[in-house]
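Some notes on the structure that comes next.
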Amino acid sequence: MSELYIRVAEDENEEPMEIPSEDDGTVLLSSVSAQFPGACGLRYRNPESQCMRGVRLVEGVLHAPESSWGNLVYVVNYPKDNKRKMEEIDAASAVKIKRGFQKTSDLIVLGLPWKTTEQDLKDYFSTFGEVIMVQVKRDAKTGNSKGFGFVRFADYETQTKVIAQRHMIDGRWCDCKLPNSKASPDEPMRSRKIFVGRCTEDMTTDDLRQYFMQYGEVTDVFIPKPFRAFAFVTFADDQVAQALCGEDLIIKGVSVHISNAEPKHNNIHQLFHNFPGGVASLAAMFGRSQYPFPSSHV
DNA sequence: GTTGAGCGTT
């Protein structure tokens with residue numbers, strides 16, 4: 001065995017990544033595809049001919065050219081048909097990859113004693129792993145607990161463990177489940193704009209812009225006034241927006257829910273949208289069987 | 001000041 005690692009890149013000009021070789025000097029294709037999902041082989045530029053050469057691949061094992069990998073940078077091959085597709089998948093999952101492969105989500109905690117506080121929840125769940133968010137839902141007026149809350153863990157393994165068992169919290173058995181809010185995932189609208197639900201009043205457009213910048217270029221942030229607990233964020237790239245849909249993100253310590261922004265209605269629709277009795281009574285007033293205004297999109 | 005299956009001020 002000559003080297004421990006070979007240098008692999010997606011492109012000759014990209015920064016290479018070191019991929020481990022096996023004891024016999026070969027490199028497993030699986031080692032490559034672990035870092036470059038979808039990879040089906042390697043190639044390199046032959047220093048003498050300046051032509052690209054393929055690396056021998058036998059049953060998932062990549063063999064060094066001339067018995068040594070040398071100091072060359074090897075370039076990843078993707079299946080021809082899938083190349084475009086792979087790029088799209090990469091872009092769409094870039095957000096998730098940045099954060100790690102297993103995304104955690106908020107868990108609903110059912111059956112909490114009325115007296116249980118967020119500190120109690122945090123203390124209890126911290127025995128399982130790092131807790132990054134807790135909430136106890138309360139009546140806005142009285143401040144009384146509604147007997148349920150939410151918890152979010154840093155690691156997916158923790159989440160899995162917590163869901164799998166019942167929890168004795170302050171003398172009551174409680175259940176942790178994936179909330180219904182994402183049981184029926186909204187879809188399929190390739191918008192560059194996302195709906196940010198469960199915003200709090202202290203979130204400014206700057207806060208949101210600063211936060212969402214990490215995922216891609218933000219071209220607009222809109223917060224309805226007066227406060228309505230949601231906002232819209234528009235990205236330059238629709239794939240960034242799509243990749244975020246369905247996720248719960250934590251901004252200023254609170255969990256916001258990302259979904260597709262529904263197509264914007266024009267002013268006349270907005271005006272009549274909350275009409276008492278609904279659009280049916282409106283239609284009746286207009287002597288028609290249907291909502292009197294043509295629908296419009298985006 | 002109560003309660004005990006559920007689902008987070010779109």
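Below, all heavy atoms of this structure are taken into account, side chains as well, without hydrogens, waters or symmetry copies. Just so we're on the same page: letters track the sequence lines, and every chain starts at 1.
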Please list, chain by chain and in numerical order, all residues satisfying side chain to side chain donor-acceptor pair (under 3.5 Å) with [X], sequence neighbours excluded.
{"X": "Ser49(A)", "value": "Asn46(A)"}
{"X": "Thr205(A)", "value": "none"}
{"X": "Thr234(A)", "value": "none"}

Could you check how far [atom1] of [X] sits from [atom2] of [N], rounded to whole Å?
{"X": "Asp106(A)", "N": "dC7(B)", "atom1": "CG", "atom2": "P", "answer": "16 Å"}
{"X": "Leu107(A)", "N": "dC7(B)", "atom1": "CG", "atom2": "P", "answer": "16 Å"}
{"X": "Lys146(A)", "N": "dG8(B)", "atom1": "NZ", "atom2": "P", "answer": "8 Å"}
{"X": "Leu178(A)", "N": "dG6(B)", "atom1": "CG", "atom2": "C1'", "answer": "15 Å"}
{"X": "Phe195(A)", "N": "dT9(B)", "atom1": "CZ", "atom2": "P", "answer": "13 Å"}
{"X": "Arg138(A)", "N": "dG6(B)", "atom1": "CZ", "atom2": "P", "answer": "22 Å"}
{"X": "Asn260(A)", "N": "dT10(B)", "atom1": "CG", "atom2": "C1'", "answer": "14 Å"}
{"X": "Asp139(A)", "N": "dT2(B)", "atom1": "CG", "atom2": "P", "answer": "12 Å"}

Holding to side chain to side chain contact (heavy atoms under 4.5 Å, CB included), I want the full list of residues that pass it with Asp206(A), two or more places apart in sequence or in another chain. Thr204(A)
Members of residues 112-137 of chain A that approach DNA chain B, where some heavy atom sits under 4.0 Å away: Leu112(A), Pro113(A), Trp114(A), Gln135(A), Lys137(A)
In residues 159-176 of chain A, which residues come under 4.0 Å of DNA chain B by heavy atom? Arg172(A)
Going by ring-ring contact (aromatic ring centres under 6.0 Å, His included), name the pairs with one or both residues in residues 10-55 of chain A, residues two or more places apart or in two chains. Tyr44(A)-Tyr74(A)
On the side chain of Asn180(A), is there an atom forming a donor-acceptor pair with the base of dG6(B) - under 3.5 Å, no angle test?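 Answer is no: no donor-acceptor pair is held.
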Would you indicate which nucleotide in dT10(B), dC7(B), dG8(B) comes nearest to any side-chain atom of Lys177(A)?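 Output: dC7(B).
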Would you classify Gly197(A) as touching base, sugar-phosphate or nothing, given that sugar-phosphate means primed atoms plus P, OP1 and OP2, and contacts are heavy atoms under 4.0 Å? nothing
Tell me whether the rings of Tyr215(A) and Phe212(A) are parallel (<30°), tilted (30 to 60°) or perpendicular (>60°). tilted
Kindly write out the residues that satisfy ring-ring contact (aromatic ring centres under 6.0 Å, His included) with Phe153(A), not counting sequence neighbours, or none if the list is empty.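 Result, ring-ring contact (aromatic ring centres under 6.0 Å, His included) vs Phe153(A): Phe125(A).
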What do you reckon, do Phe150(A) and the base of dG8(B) stack, with centroid distance below 5.5 Å and planes below 30°? yes
What are the two closest non-hydrogen atoms of Val151(A) and Val131(A), and how far apart are they? CG2-CG1, 4.1 Å
Applying side chain to side chain donor-acceptor pair (under 3.5 Å), which residue pairs with at least one partner in residues 122-133 of chain A are found, sequence neighbours left out? Gln119(A)-Asp123(A), Tyr124(A)-His167(A)
